[in-house]
S.K.: 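Take this structure first; my questions come after.
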Amino acid sequence: MKFFLDTANLEEIKRIVKLGLVDGVTTNPSIIAKEGADFKTRIQEICSIVSGPVSAEVIGLTAEEMIQEGREIASWAENIVVKIPMTEAGLEATYQLTQENIKTNVTLIFTEAQGLMAAKAGATYISPFIGRLDDIGADGISLVKNLKGVLQAYGFETEIIAASIRNLDHLVQSSLAGAHIATIPGSILPSLWNHPLTTSGIETFMKDWGKLQGTVS
Ligand code: G3P
């Protein structure tokens, strides 16, 4: 399973790159706004740190606007993926940009039908939003599982990015459901490697080591 970081925070990205965990980065307008940075500058900064795919989202709502923006965004760096919302206009833009060999990530996927349409339009990636489905009492993990089944059954090359991940269980269940990629927010990073028994185990080892130092000359 590949790990993307769902952030535009440079310090966070640099810190996790050092751990060898970053296969790519995803952003959206909310994530960029949170950083208060210039969109193009920040995306180019991220692309200089991460060699894997970096998703940057269009703002336009018509197909023409999305296609123009998508071409512009794709010219910013080699590893850009143009993120496009799942609408009729988004499907048209996805289809057109795919013809131009521009990679796309169709986002805000909440149903199997939406995922299948995006894959048919040629999306490189589709992003089902697990957390937001759970928020309304639906089952985001089942969506990932079903999408994987559909993509496999018909031989699509489109990859599933499990998005809107809010906790460790979402991540683990997404991997079991067959998501190709999970995009992870900074807020859950510590839970990926911390465990209370690891912490107490280290404390015990250190205490016992200290005792040994007192008895051996
Ligand atoms: O990857 C999509 C993500 O940024 C949305 O997450 O927590 O706002 O639903 P959330």
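This chain uses plain numbering: 1 for the first residue, then up along the sequence. Whatever order the structure lists ligands and atoms in, that order sets their numbers, starting from 1. Treat the numbers as computed from the prediction; the structure is a model and nothing was measured.
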S.K.: Charged N to carboxylate O under 4.0 angstrom, Arg166 versus Asp134?
M.R.: no

S.K.: How far is atom 3 (C) of ligand 1 from its nearest protein heavy atom, and which residue and atom name does that atom have?
M.R.: Asp6 OD2, 3.0 Å

S.K.: Quick one: which ligand 1 atoms are inside 4.0 Å of a heavy atom on Phe129?
M.R.: 2 (C), 5 (C)

S.K.: In terms of side-chain geometry, is the basic nitrogen of Lys211 or Asp208 positioned less than 4.0 Å from the acidic oxygen of its partner?
M.R.: yes

S.K.: Can you measure from CD1 (Ile188) to CG (Asp6) and round to the nearest 0.5 angstrom?
M.R.: 10.0 Å

S.K.: Mark the output for Thr183 as yes if a heavy-atom distance to ligand 1 is under 4.0 Å, and as no if none is.
M.R.: yes

S.K.: What protein heavy atom is closest to atom 7 (O) of ligand 1, reported as residue, atom name and distance in Å?
M.R.: Arg166 NE, 2.7 Å

S.K.: I want to know if ligand 1 touches Arg132 in the polar sense, i.e. an N/O pair below 3.5 angstrom.
M.R.: yes

S.K.: With only distance considered, is Thr26 within less than 3.5 Å of ligand 1 through an N or O on each side?
M.R.: no

S.K.: Glu159 and side chain to side chain donor-acceptor pair (under 3.5 Å): which partner among Lys2, His180, Lys148?
M.R.: Lys2

S.K.: Side chain, backbone, both or neither: which part of Asn28 has a heavy atom under 4.0 Å from ligand 1?
M.R.: side chain

S.K.: Measure the spacing between CZ of Phe4 and CG of Leu21 and express it to the nearest 0.5 Å.
M.R.: 13.5 Å

S.K.: Assess, by modelled atom type and distance only, whether the side chains of Gln96 and Glu100 contain a donor and an acceptor separated by less than 3.5 Å.
M.R.: yes

S.K.: Should one rank Ala163, Ser187, Ser55, Ser164 by closest heavy-atom distance to atom 6 (O) of ligand 1, which comes out on top?
M.R.: Ser164

